[in-house]
Amino acid sequence: MADPRKPWLASYPAGVPAEIDAHRYANLNELFDDAVRRFGPRVAFINMLGRITYTELDREVEAFAAFLQQRCHLGKGHKIALMLPNLIQYPVALFGALRAGLTVINTNPLYTARELEGQLNDSGAEAIVVIANYADHLAEIVDKTAVKHVIVTEVGDSFGFFKSALVNFAVKFVRRMVPAYSFKHAVSYREALKTGRSLHCERPEVGYGDIAFLQYTGGTTGKPKGAMLSHGNIIANVCQGLGMYSNVLKEGEEVLLTAIPLYHVFAMTVNCFLFVTIGGTNLLITDPRRVGDMIKDLRRHPELTIMTGVNTLFNALLNHPDFKSVNLSHLKLVIGGGAAVQSGVDERFFKRTGLHILEGYGLTECSPLCCVNPSNIRDYNGTIGLPVPSTQARIVAADGHEIWDLNEPGELQFKGPQVMQGYYHNEKATAQVRDGDYLLTGDIAVWQEGGYIKIIDRKKDMILVSGFNVFPSEIEDVVSRNERIVECAVIGIPSETSGEAVKLIAVRRDPSLTEKELRTWCRQYLTPYKVPRVVEFVDALPKSAVGKVLRRCLRENGTAASKK
């Protein structure tokens with residue numbers, strides 16, 4: 001008899017299990033070791049002029065881990081930040097840090113000095129691996145943090161001596177992409193590996209429940225918080241993803257496009273850990289904004305079988321004239337994450353490839369995978385799919401009762417082995433997103449036929465720009481520091497290029513203040529995707545009886561205020 005509280009099971013394709021073995025590995029190091037043992041000669045990662053096999057990766061990982069242990073004196077309980085784009089250096093540093101027993105903090109290289117300082121201080125990171133292109137931001141604030149060990153890498157450091165020298169020279173002196181920076185104490189990535197090759201890594205005892213990552217997110221409130229993701233959380237989520245697509249994926253044969261940054265939890269879990277588990281080859285795209293260069297990579301690798309991306313990535317590819325001539329004859333699975341897949345984009349992609357973009361849904365707090373559309377869907381359905389194996393989903397009404405009828409809205413909640421251990425040093429925030437074993441998403445959803453779930457409203461205030469969470473309170477805080485502003489509010493507006501865009505509504509103290517000046521102010525303190533695309537000046541903002549700005553009114557009525 002079908003379980004009435006798991007209606008999605010009836011929609012699972014043949015071979016997809018209701019439950020998975022969440023303890024397939026004892027820790028992530030065991031997962032990686034198993035991949036090296038089974039797929040050693042196979043290429044693990046490709047990036048521009050470089051490539052590395054699983055066996056070669058293992059040697060680099062060992063050297064990096066030994067350096068962290070023996071020269072930096074870091075081990076279990078210590079934390080390291082990785083401030084890297086998609087380069088081969090990322091998996092080396094990632095698996096090296098985990099082998100040494102460290103906890104990893106993924107850090108966006110585009111962070112401003114202010115944002116970086118906040119994350120490093122909240123996490124207590126004692127070491128960081130940083131790309132030279134953005135090392136100036138770190139140099140500005142590193143003395144205000146607990147960071148004692150800085151490892152700097154350049155773009156071409158994984159390409160071999162001659163190619164590396166050529167690429168790094170071009171990046172630094174021809175394209176001038178490396179601003180000046182200075183550290184009191186720092187070591188180059190290449191020197192760290194060279195030193196580590198002569199040292200031995202003593203592997204610490206790492207448990208299933210030990211924290212592997214502090215993955216920063218806004219959660220369901222504005223201030224970024226470190227979601228504590230254990231080795232077991234990631235292992236479980238990898239096994240859940242494999243269970244869902246086990247009827248499609250073949251070990252040792254898949255080649256996938258990785259354009260989403262690996263520091264993003266979706267790419268880290270799915271593209272990195274999941275495909276390493278099955279011996280996949282990752283084609284790393286360092287800068288997906290350079291669509292033409294990405295298409296050149298696709299042309300060089302017609303063996304591509306899997307693509308993952310956000311809606312804006314697929315849209316950008318479809319809008320580029322050269323994408324029409326890319327050979328995608330081996331492509332068999334396309335997964336969209338990080339933001340909703342728009343129907344128009346899916347329709348155009350299907351016409352181009354014969355494949356639908358299978359939308360999924362995840363949260364940083366869930367490692368992140370919660371729901372995916374199965375591989376056997378025949379049409380775009382506008383849903384986030386079905387809960388993955390070993391996951392219990394429910395929709396809860398405002399009065400607390402569970403909803404199982406179709407099309408009746410309530411808050412979407414999940415429980416399962418992928419749910420985080422809590423927010424780092426923030427028990428209050430943790431309690432706010434838990435109801436027993438369930439994680440409260442803050443998203444309003446409805447059940448559809450067959451156990452499919454459809455999101456009808458995103459978190460009340462969060463703005464989703466190209467798959468990245470943007471919270472109004474952070475931007476409002478930055479703008480409020482401008483003495484020429486009285487008050488302001490931020491909302492999200494639809495965007496054809498990024499899903500949503502940031503709109504700032506502000507009351508000026510100085511009538512001569514321009515939109516351009518205000519955006520310039522924001523760029524000093526905010527990552528580019530957080531900078532308001534639209535600025536509107538008004539005489540007053542709508543407020544509640546206690547003086548709280550009513551963003552709901554701004555969203556519903558344009559600005560709900562008189563314009564200047």
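The residues of the chain are indexed from 1 along the displayed sequence.
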Could you state the interatomic distance from NZ (K225) to OG1 (T430), rounded to the nearest 0.5 Å?
9.0 Å

Rounded distance [0.5 Å steps], CG in L386 versus SG in C370:
13.0 Å

Might you work through the side chain to side chain contact (heavy atoms under 4.5 Å, CB included) test for Q392 and Y438, ending with a clear yes or no?
CA-CA 9 Å; Q392 179 64 51; Y438 280 90; 3.0 Å; yes

Please walk me through it: do E515 and R533 pass salt bridge (Lys or Arg N to Asp or Glu O under 4.0 Å)?
CA-CA 10 Å; E515 296 177 20; R533 183 180 299 178; over 6 Å; no

From CA spacing to verdict: side chain to side chain donor-acceptor pair (under 3.5 Å), T308, N271
CA-CA 8 Å; T308 66; N271 293 57; 2.9 Å; yes

Are T277 and L242 packed together at the side-chain level, in the sense that at least one heavy-atom pair is separated by less than 4.5 angstrom?
yes

Using the rule given for side chain to side chain donor-acceptor pair (under 3.5 Å), can you reason through E365 versus Y423, listing the C-alpha separation, both sets of side-chain angles and the distance that settles it, and then say yes or no?
CA-CA 9 Å; E365 294 87 344; Y423 293 123; 2.5 Å; yes

Do N315 and T312 have side-chain N/O donor and acceptor atoms under 3.5 Å apart?
no

For the side chain of T258 and the backbone of N282, is there at least one donor-acceptor N/O pair under 3.5 Å apart?
no

Find out whether K530 and V465 are in side-chain contact, i.e. whether some heavy atom of one side chain is under 4.5 Å from a heavy atom of the other.
no

Less than 4.5 Å apart, any side-chain heavy atom of M307 and any of I357?
no

Test E19 against K6 for salt bridge (Lys or Arg N to Asp or Glu O under 4.0 Å), laying out the working first.
CA-CA 12 Å; E19 303 291 331; K6 293 187 176 182; 3.2 Å; yes

Please lay out, stage by stage, how Y216 and D122 fare under the test side chain to side chain donor-acceptor pair (under 3.5 Å).
CA-CA 10 Å; Y216 275 78; D122 188 79; 2.6 Å; yes

Give a yes or no on whether the backbone of S495 and the side-chain of S498 come within a donor-acceptor separation of less than 3.5 Å.
no

Starting at CG of D210, measure out to CE of M228 and round the result to the nearest 0.5 Å.
12.0 Å

Should D435 and K415 count as an ion pair when the cut-off is N to O under 4.0 Å?
no

Do C201 and R99 have side-chain heavy atoms sitting under 4.5 Å apart?
yes

Run the salt-bridge test on E205 and K76 with the 4.0 Å N-O cut-off and return the result as yes or no.
no

Just wondering, are more than 12 heavy atoms of other shown residues or ligands nearer than 6.0 Å to CZ in R484?
yes

Can any side-chain N or O of N29 pair as donor or acceptor with the backbone N or O of L98 at less than 3.5 Å?
yes

L68 CG to I151 CD1 distance, which is reported to the nearest 0.5 Å:
5.5 Å

Quick test of your reading: applying salt bridge (charged side-chain N to carboxylate O under 4.0 Å, His left out), list the pairs with at least one residue in residues 137-152, sequence neighbours left out, ordered by first then second residue.
E126-K148, D143-K184

Rounded distance (nearest 0.5 Å) linking atom CD1 of I211 with atom NZ of K79:
10.0 Å

Return yes if a side-chain donor-acceptor contact under 3.5 Å exists between T383 and Q448, otherwise no.
no

Just wondering, more than 12 heavy atoms not from E496 lying within 6.0 Å of its CD?
no

Within the distance-only criterion (no hydrogens, no angle test), does the side chain of H78 pair as donor or acceptor with the backbone N or O of G75 below 3.5 angstrom?
yes

Is it the case that atom NE2 in H185 sees more than 12 heavy atoms from other parts of the structure closer than 6.0 Å?
no

Applying ring-ring contact (aromatic ring centres under 6.0 Å, His included) as the test, list every pair that has at least one member in residues 81-105; sequence neighbours left out.
F32-F95, F95-F273

Under 3.5 Å donor-acceptor, N27 side chain and Y208 backbone:
no

CG of L138 to OG1 of T145, rounded to nearest 0.5 Å, is 7.0 Å

Please check this pair: side chain of H149 against backbone of C72, looking for a donor-acceptor N/O pair closer than 3.5 Å.
yes

Just by distance, do the side chain of N237 and the backbone of T269 share a donor-acceptor pair under 3.5 Å?
no

Atom CZ of R114 with >12 non-hydrogen neighbours under 6.0 angstrom:
yes

Given I395 and Q413, is the side chain to side chain contact (heavy atoms under 4.5 Å, CB included) satisfied, shown in steps?
CA-CA 6 Å; I395 295 175; Q413 302 177 4; over 6 Å; no

Taking the six-membered ring for Trp, are F266 and H264 parallel (under 30°), tilted (30 to 60°) or perpendicular (over 60°)?
perpendicular

Looking only at the side chains, is there a donor atom on one of T112 and Q524 sitting less than 3.5 Å from an acceptor on the other?
no

Please report the shortest heavy-atom distance between I403 and P409, naming the atom on each side.
CD1-O, 3.2 Å

Is a side-chain N or O of E536 found less than 3.5 angstrom from the main chain of L504, in a donor-acceptor match?
no

Quick one: are Q418 and I235 in side-chain contact, heavy atoms under 4.5 Å?
no

Test L541 against I505 for side chain to side chain contact (heavy atoms under 4.5 Å, CB included), laying out the working first.
CA-CA 8 Å; L541 297 174; I505 302 107; 3.7 Å; yes

Is there a donor-acceptor contact under 3.5 Å from the side chain of E359 to the main chain of V341?
yes

Looking at N108 and Y263, would you say the former's side chain and the latter's main chain have a donor-acceptor pair under 3.5 Å?
no

For the pair D443 and K454, find out whether any cationic side-chain nitrogen is under 4.0 Å from an anionic carboxylate oxygen.
no

Hey, does W447 have a side-chain heavy atom less than 4.5 Å from the side chain of E408?
no

Does the side chain to side chain contact (heavy atoms under 4.5 Å, CB included) test come out yes or no for L74 and I80, once each step is laid out?
CA-CA 9 Å; L74 299 172; I80 184 170; 5.5 Å; no

What donor-acceptor contacts under 3.5 angstrom involve side-chain atoms of residues 130-137, with partners at least two apart or in another chain?
{"from": "N133", "atom 1": "ND2", "to": "M177", "atom 2": "O", "distance (Å)": "3.4"}
{"from": "H137", "atom 1": "ND1", "to": "Y111", "atom 2": "O", "distance (Å)": "3.0"}

Less than 3.5 Å apart, any donor N or O on the side chain of D21 or H23 sitting next to an acceptor on the other?
no

A side-chain contact here means heavy atoms from C-beta on lying under 4.5 Å apart; do I453 and Y361 qualify?
no

Carboxylate-amine/guanidinium contact E476 R481, below 4.0 Å:
no

Side-chain heavy atoms of L87 within contact of T286, under 4.5 Å:
yes

Please report the C-alpha distance between S390 and Q240 in whole Å, then the side-chain angles of each, then the deciding distance to 0.1 Å, and finally whether the side chain to side chain donor-acceptor pair (under 3.5 Å) criterion is met.
CA-CA 7 Å; S390 293; Q240 289 168 321; 5.1 Å; no

